[in-house]
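Lettering of chains follows the sequences in order, A, B, ..., and the numbering in each one begins at 1.
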There are 2 protein chains.
Amino acid sequence: MSRRVTSQDVADLAGVSRTTVSFVLNNVHRFSIRPETAEKVRLAAQELDYYPNASAKALASNQTKNIGLIISRAPQYIASDPFLPQILSGLLDALKENSQGLLLEWVEPGQQLQTYLELTRAHHIDGMILMTPRLDDPGLRALEEADIPVVVMGYIPGSSLHSVDVDNITAAETAVNHLLELGHRSIACITNAALPYTSATQRLEGYKSALKKAGVEFIPELVREADFDIQSGYRQMKSLIESAQEFTAVFVASDNVALGAYSALGEAGLSIPEDVSVVGFDDIPLASFITPTLTSVTVSGQEIAIESYNLLTRLMRGEMPEFRSVTLPTRLIPRESSREIGRRGKRGAEKKSANFVSCFNDQ
Amino acid sequence: MSRRVTSQDVADLAGVSRTTVSFVLNNVHRFSIRPETAEKVRLAAQELDYYPNASAKALASNQTKNIGLIISRAPQYIASDPFLPQILSGLLDALKENSQGLLLEWVEPGQQLQTYLELTRAHHIDGMILMTPRLDDPGLRALEEADIPVVVMGYIPGSSLHSVDVDNITAAETAVNHLLELGHRSIACITNAALPYTSATQRLEGYKSALKKAGVEFIPELVREADFDIQSGYRQMKSLIESAQEFTAVFVASDNVALGAYSALGEAGLSIPEDVSVVGFDDIPLASFITPTLTSVTVSGQEIAIESYNLLTRLMRGEMPEFRSVTLPTRLIPRESSREIGRRGKRGAEKKSANFVSCFNDQ
DNA sequence: AGCAACTATTAACGCGCGTTAGTAATGATA
DNA sequence: TATCATTACTAACGCGCGTTAATAGTTGCT
């Protein structure tokens, strides 16, 4: 437990004052410093393996150099979130350049206000990114008035907070249109999450809107709410099947949930896409490797992360961008899981999985 | 930008000194305080919405209340890591109880020493957890001497650092034994990562050891190194298939990689498990939902996380546990992807996916 | 009353750093 | 030589808090 090296030590070794050390190491040009002196200081710092104490620096400069990523979801849901790594990946990458740190935090429903306040007032962080908050999050109002930059990943209608999101409604419309164009008229829908999560509401919105524009009746019985994870997808798909409602296609607003749906469909003896076409959402890496490959809508978590970070950076610099929210484009990637209604026969002629499986039905 | 509320404000409102406020809010019992006074202070703090400044607290108490999770991997690999969410989930859950924060950091190969030093010397964190470091990590030596508690997720032979890991060797042996017991003798192996990652080396070790014990010759040409993600699994499986080496089973040391292998096998017209049995590793949630369901070895990321955290906590309290490393048990979960060699016909009689697919081969 | 033994509270210092206001030294100009 | 700007640096304060050593106030005992 060797004594900690302080800037005073560096100053002593370099034969200058602590102030000079600070100026040199922080590149303060307002007070000019002779190059030789600066060099002496740098050498001394290196010699002593000096690293300025983060807390002291934060206290004095009023900047923690940390940004917070707040996840509005309980740990058990975090565990199976295939999207989180992408977000983190993008954020960590961006943060490295500015040598900032990432503080991870989750808030349990009901504790949002408390948590937000603590984070901002205690000044743990310089800015925060809110991941997929719920519409009914009571803490958001407080954040609008907090004196700390905030960027929301996801859209919160009526909120004055800056936000970054994909155009969920349009994307969902595109996905459903794809199915409509393939001739499907009975299209079920499984949301990605409970409706208090805005993305779920919006994607459902897009689903409805696409049906409406195509003159197809909206049937509430064809809609199910999943809950982020595979299991919920499995459960809801099963529920759809057992409801005896007719449908030839499903729009599943999350690839992860869609994987559960795949499983339930398979278990029920229904083939994709022969019996049921499936369109997912998110385009997770697995989408192009699963059998059959999953038609999906690209959403780059990394892009969202980077865009959020850029926006946050501008806010932290004191700029007030003219826009309140950034909307990222999406793109439908048709794959094997969706095809024209009624068409049977060899699927995926173009690629893989053609004979991945054998014939259990035949015995 | 309202002025920040300090403990002095609370003291003023409560009509006591700042010291008393500190004693009350930090539950310092060494100096007794009259209950009524304490109550007054608490009320004042609540009234003012007082939250102690994190940096100041850290500086004064020499405790940041943050622990660091350091990922020895570049962001592009982080993006597709299905394991990370589990780790985070477990950690976040555990941290909440002690109201600690989680600082996320990644180190790029070559920058380990620098990063570790900065993190410890700058005292960003009170303790750190190292996720899957590489065997050739040059910074580990420095950490052994750093005056900060460190727990390594994964085993580093010869290191004096405390660690938590599953018994990779035994687990891999079990997985391969399972295949051997099913009659397989030509068993390929795809590692989960490059060999500098200890888990990869160890799992390969277990593979070799199981073969040896069973008197089966080890054929280097049957081994491939994957690289965490699905793509690499796809590539390496393809490489195996194209090598024209005979094999009736594969041990894939990561479920994620195995998903890529599934895809490559399907593309090549090989059925699982009729043509090739597959055993994975990690037992990710998807394992029991994919078709065919994937035989795997359970590794609970959350357990690892919690165990690591517990160990770290003890270290931070100054305890020196008698043991240096914790080894977590694993369990093989047989599913549909592995079966007796040569046996054909209906698979997975017990559960789902029986007729998930139809008969493309027949036309 | 006188002393000890508490109990309740506070003044004051230090944590390590950023930063402003100020000083000393040097050169340029009148 | 006196005056002033410029350069190169430093003394000293403050950030907000934890904590020790010291100080009043109270009670118990002889």
Hey, does [X] reach any base, or is it just sugar-phosphate, or nothing, if we go heavy atoms under 4.0 Å?
| X | answer |
| --- | --- |
| B/Ser7 | sugar-phosphate |
| A/Asn26 | sugar-phosphate |
| A/Thr19 | base |
| A/Thr6 | sugar-phosphate |
| B/Ile33 | sugar-phosphate |

For atom [atom1] of [X] and atom [atom2] of [N], their distance in whole Å:
| X | N | atom1 | atom2 | answer |
| --- | --- | --- | --- | --- |
| A/Phe31 | C/dA24 | CZ | P | 17 Å |
| B/Phe23 | C/dT9 | CZ | P | 11 Å |
| B/Arg18 | C/dA12 | CZ | C1' | 10 Å |

If you assign B/Ala56 and B/Val28 each to the DNA chain D nucleotide with the nearest heavy atom, which residue ends up on the more 5' nucleotide?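 Its nucleotide being nearer the 5' end, the pick is B/Ala56.
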
Begin with the C-alpha distance, continue with both residues' side-chain angles, and end with the deciding distance and a verdict on side-chain hydrogen bond (donor to acceptor under 3.5 Å, both in side chains) for B/Tyr309 and B/Asp93. CA-CA 10 Å; B/Tyr309 177 70; B/Asp93 203 14; over 6 Å; no

Which sits closer to the 5' end of DNA chain C, A/Ser55 or B/Ser17, going by the nucleotide each is nearest to?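 Nearest nucleotide further toward 5': that of B/Ser17.
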
Looking at C/dT19, I'd like to know if its phosphate oxygens (OP1 or OP2) sit under 4.0 Å from a side-chain N or O belonging to A/Arg30.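 No, no such contact exists.
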
Could you give the start and end, 5' to 3', of the contact zone on DNA chain D for chain B, using atoms under 4.0 Å from its heavy atoms?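 Nucleotide range with atoms under 4.0 Å of chain B: D/dG16 to D/dA21.
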
What pair of heavy atoms forms the shortest contact from B/Tyr51 to A/Ala122, and how long is it?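 Looking at all heavy atoms of both residues, the shortest contact is CB-N, 4.1 Å.
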
Side chains of [X] and [Y] in contact at under 4.5 Å (non-hydrogen atoms):
| X | Y | answer |
| --- | --- | --- |
| A/Leu103 | A/His124 | yes |
| A/Val16 | A/Thr37 | yes |
| B/Val150 | B/His162 | no |

Verify the distance criterion only: is there a donor paired with an acceptor across the side chains of [X] and [Y] at less than 3.5 Å?
| X | Y | answer |
| --- | --- | --- |
| A/Thr19 | A/Ser22 | no |
| A/Ser159 | A/Glu144 | yes |
| A/Gln111 | A/Tyr116 | no |

Mark yes or no: A/Arg73 above the aromatic ring of A/Phe228, with NZ or CZ under 6.0 Å from the six-membered ring centre and no more than 45 degrees from the axis.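 Yes, a cation-pi geometry holds between A/Arg73 and A/Phe228.
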
So which of residues 34-48 of chain A are in contact with DNA chain D, with a heavy-atom cut-off of under 4.0 Å?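 Under 4.0 Å from DNA chain D: A/Arg34, A/Thr37.
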
